[in-house]
Trainee: 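Provided herewith is a single structure, encoded as structure tokens, for subsequent inquiry.
Only a predicted model underlies this, so the values are computations on that prediction, with no experimental measurement involved. We use all heavy atoms of the structure for the numbers below, so side chains are in, but hydrogens, waters and symmetry mates are not.
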Amino acid sequence: NEAVDDAVAKPVATTYRDLVPRPVRTGVGNVFGNLGDAWSTVNLFLQAKPAAGLNMGLRTMVNTFFGLGGVLDVADELGLERTSTEDLGQTLGRWGVGAGPYLVLPLLGPSTLRDTSVLLADVRDSGATYLLTNDRDRLAATVLQLVNTRARLLDATKLFDDIALDKYTLMRDAFLARRRSLVYDGDPPEE
């Protein structure tokens with residue numbers, strides 16, 4: 001994964017960051033964030049969190065209709081903040097399915113057995129799957145999303161590289177702690 005990141009993902013993300021103006025990158029991130037908010041809404045309802053689901057659903061509708069399909073984050077300006085991003089792995093965790101062993105997936109990075117088992121459903125149910133009809137457009141949207149995300153994480157990666165004595169252990173521990181915190185909405189029980 002590090003070799004692919006060093007050879008391809010990082011240079012592409014750096015070029016993207018350097019060539020694409022910040023407002024355009026922000027708009028791209030907002031569109032993908034809005035699509036993610038729609039999937040978070042579904043997962044919030046599946047987790048039996050109706051108030052949060054309604055808030056996230058309202059946020060998604062406001063940004064879709066008044067934010068030019070999500071390019072502008074109008075909902076944030078109206079006080080409808082993105083409080084969380086939810087996925088099927090978190091939903092299963094909420095209903096008691098254990099995380100299972102830690103995995104590092106080729107090209108996809110850190111995961112757990114629970115999160116990996118629903119990965120295809122999470123990818124399939126992303127907004128691009130429903131909005132775009134042919135495979136080429138879906139692939140282009142996925143690549144754009146990955147490049148945009150990697151560009152946002154360039155500075156974090158540098159910091160991570162600077163502080164990590166053992167990159168694998170730091171990544172594993174940070175990933176597992178973050179996922180556990182997400183499943184329990186920031187208040188995980190004592191182990």
Trainee: Hey, does R150 have a side-chain heavy atom less than 4.5 Å from the side chain of L153?
Mentor: yes
Trainee: Do K167 and D161 sit within salt-bridge range, that is, some charged N less than 4.0 Å from a carboxylate O?
Mentor: yes
Trainee: Quick one, N30 and L72 - any side-chain contact, counting heavy atoms below 4.5 Å?
Mentor: no
Trainee: Taking a hydrophobic cluster as the set of Ile, Leu, Val, Met, Phe, Trp and Tyr residues connected by side-chain heavy atoms closer than 4.5 Å, whether directly or through intermediates, do L176 and F160 fall within one such cluster?
Mentor: yes
Trainee: Strictly distance-based, threshold 3.5 Å: is any side-chain N or O of R25 a donor or acceptor partner for the main-chain N or O of V20?
Mentor: yes
Trainee: Distance check, rounded to the nearest 0.5 Å: L139 atom CG versus N134 atom CG?
Mentor: 10.0 Å
Trainee: Measure the spacing between CG of L44 and OG1 of T91 and express it to the nearest 0.5 Å.
Mentor: 7.5 Å
Trainee: Would D166 and R172 pass as an ion pair if we require N to O under 4.0 Å?
Mentor: no
Trainee: Are the side chain of R114 and the backbone N or O of L92 linked by a donor-acceptor pair below 3.5 Å?
Mentor: no
Trainee: Test side-chain contact (heavy atoms from CB on, under 4.5 Å) on N43 and L46 and set out the steps.
Mentor: CA-CA 5 Å; N43 278 287; L46 289 173; 4.1 Å; yes
Trainee: What's the spacing between M56 CE and M61 CE if we round to 0.5 Å?
Mentor: 13.0 Å
Trainee: So how far is it from L54 CG to K49 NZ, rounded to the nearest 0.5 Å?
Mentor: 14.0 Å
Trainee: T64 pairs by side-chain contact (heavy atoms from CB on, under 4.5 Å) with which of V62, T60, L68?
Mentor: T60
Trainee: What I'd like to find out is whether the side chain of I163 reaches to under 4.5 Å of the side chain of L170, using heavy atoms alone.
Mentor: yes
Trainee: Determine, for D155 against K158, whether the closest basic-nitrogen to carboxylate-oxygen distance falls under 4.0 angstrom.
Mentor: no
Trainee: Are D76 and R82 within salt-bridge range, i.e. N to O under 4.0 Å?
Mentor: no
Trainee: Find out whether D5 and N1 are in side-chain contact, i.e. whether some heavy atom of one side chain is under 4.5 Å from a heavy atom of the other.
Mentor: no
Trainee: Is there a donor in the side chain of T112 and an acceptor in the side chain of D115, or the other way round, less than 3.5 Å apart?
Mentor: yes
Trainee: Side chains of D73 and N63: donor-acceptor distance under 3.5 Å anywhere?
Mentor: yes
Trainee: Would you say the side-chain atoms of R59 pair up with the backbone N or O of A75, donor to acceptor, closer than 3.5 Å?
Mentor: no
Trainee: Run the numbers on R179 and D87 for salt bridge (Lys or Arg N to Asp or Glu O under 4.0 Å), then give the verdict.
Mentor: CA-CA 11 Å; R179 288 301 291 175; D87 57 49; 3.0 Å; yes
Trainee: Once rounded to the nearest 0.5 Å, what's the spacing between atom NZ of K10 and atom CZ of R17?
Mentor: 10.0 Å
Trainee: Quick one: do the S40 and T85 side chains pair a donor with an acceptor below 3.5 Å?
Mentor: no
Trainee: Would you say the side-chain atoms of R180 pair up with the backbone N or O of A99, donor to acceptor, closer than 3.5 Å?
Mentor: no
Trainee: Taking all heavy atoms of V74 and all of F66, pick out the closest pair and write down the distance.
Mentor: CG2-O, 3.5 Å
Trainee: Assess the side chains of Q47 and E86: does a donor N or O sit below 3.5 Å from an acceptor N or O?
Mentor: yes
Trainee: Checking L103 against T116 for the side-chain contact (heavy atoms from CB on, under 4.5 Å) test, could you report, in this order, the C-alpha distance in whole Å, the side-chain angles of both residues, the deciding distance, and whether it holds?
Mentor: CA-CA 8 Å; L103 307 168; T116 300; 3.6 Å; yes
Trainee: Got a donor-acceptor contact below 3.5 angstrom from the D185 side chain to the S181 backbone?
Mentor: no
Trainee: How long is the straight-line distance from CG of D173 back to OH of Y168, given to the nearest 0.5 Å?
Mentor: 9.5 Å
